[in-house]
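Here the structure comes first, spelled out in C-alpha cells, and everything after it is commentary.
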Amino acid sequence: MKKTVLTRYRVMAYVTAVMLLVLCTCMVFKYGFDKGEGLTLAVSQVHGVLYIIYLIFAFDLGSKAKWPFGKLLWVLLSGTIPTAAFFVERKVVRDVEPLIVDGSAVTAKA
C-alpha cells in the first residue's frame, strides 16, 4: 500500500473531525441562543460534503488494508461522533503503517 492512501485518509479524518466540532458549536448557538441559523446551515452542508469524501478515502484505505467489516464500519462512523475521529485516526495509523511499502526501496533490474 502506498503512503499517499494513508496520508489522504489522515487529512480527511482531521478535517472532518474539526468541521464536526464547528458544527456542534454552531448547533449550540442555533438552538441554545437562537443565533447563527444561516451559518449552521452552511457549516452542516460543508461538513456533509467533507464527510462523503472522508467515507471514500476511509473505505479505500480499509479495502487496501483488508480490514474486517466491523473495523471498517467503526472507522466510517467515527466521522459522525464528535472527537472520535481524532482517536480512531491515531489507532488506524498505528495499524496501517507497517503495511506501507516504501516506493524508494523498489529498484528495477536491467
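Scope of the values below: all heavy atoms of this structure, side chains included, with no hydrogens, waters or symmetry mates. For clarity, every value in this text was computed on a predicted model and none was experimentally measured. Residue numbers run from 1 in the order of the sequence given.
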Shared hydrophobic cluster for Leu61 and Val11 (ILVMFWY, side-chain gaps under 4.5 Å)
yes
Please report the closest heavy-atom contact between Ala84 and Ser78, naming both atoms and the distance.
CB-O, 3.8 Å
So which atom in Leu21 and which in Pro82 form the shortest heavy-atom distance, rounded to 0.1 Å?
CD2-CB, 4.1 Å
Point-to-point distance, once rounded to the nearest 0.5 Å, from CE of Met19 to SG of Cys26:
8.0 Å
Is the number of heavy atoms from other residues, nucleotides or ligands under 6.0 Å of Phe87 CZ greater than 12?
no
Taking all heavy atoms of Ala65 and all of Leu99, pick out the closest pair and write down the distance.
CB-CD1, 4.0 Å
Exercise: identify the closest heavy-atom pair between Val75 and Tyr54:
O-OH, 2.6 Å
Salt bridge check, Lys30 against Asp34: does any charged N sit closer than 4.0 Å to a carboxylate O?
no
Phe86 side, atom CZ; Leu20 side, atom CG - distance, nearest 0.5 Å
9.0 Å
Just so I know, are the side chains of Ile81 and Trp74 near enough to count as touching, which here means a heavy-atom distance under 4.5 Å?
yes
Distance, nearest 0.5 Å, that separates OH of Tyr9 from OH of Tyr14
9.5 Å
Does any non-hydrogen side-chain atom of Val92 lie less than 4.5 Å from one of Trp67?
yes
Would Ile52 and Val46 show up in the same hydrophobic cluster when neighbours are defined by side-chain heavy atoms closer than 4.5 Å?
yes
Enclosure of Phe29 CZ (heavy-atom neighbours >12, cutoff 6.0 Å):
no
What are the two closest non-hydrogen atoms of Ala58 and Leu76, and how far apart are they?
CB-CD2, 3.7 Å
Give every residue pair that meets the salt bridge (charged side-chain N to carboxylate O under 4.0 Å, His left out) criterion with at least one member in residues 8-20, sequence neighbours excluded.
Arg8-Asp60, Arg10-Glu89
Residues in side chain to side chain contact (heavy atoms under 4.5 Å, CB included) contact with Lys35, at least two apart in sequence or another chain
Phe33
Can you name the nearest heavy-atom pair linking Leu50 to Met12, along with the distance?
O-CE, 3.3 Å
Working to the nearest 0.5 Å, report the span between NE2 of His47 and OG1 of Thr16.
6.5 Å
Would a single hydrophobic cluster contain both Ile56 and Val88, if residues Ile, Leu, Val, Met, Phe, Trp and Tyr are joined by side-chain heavy-atom contacts under 4.5 Å?
yes
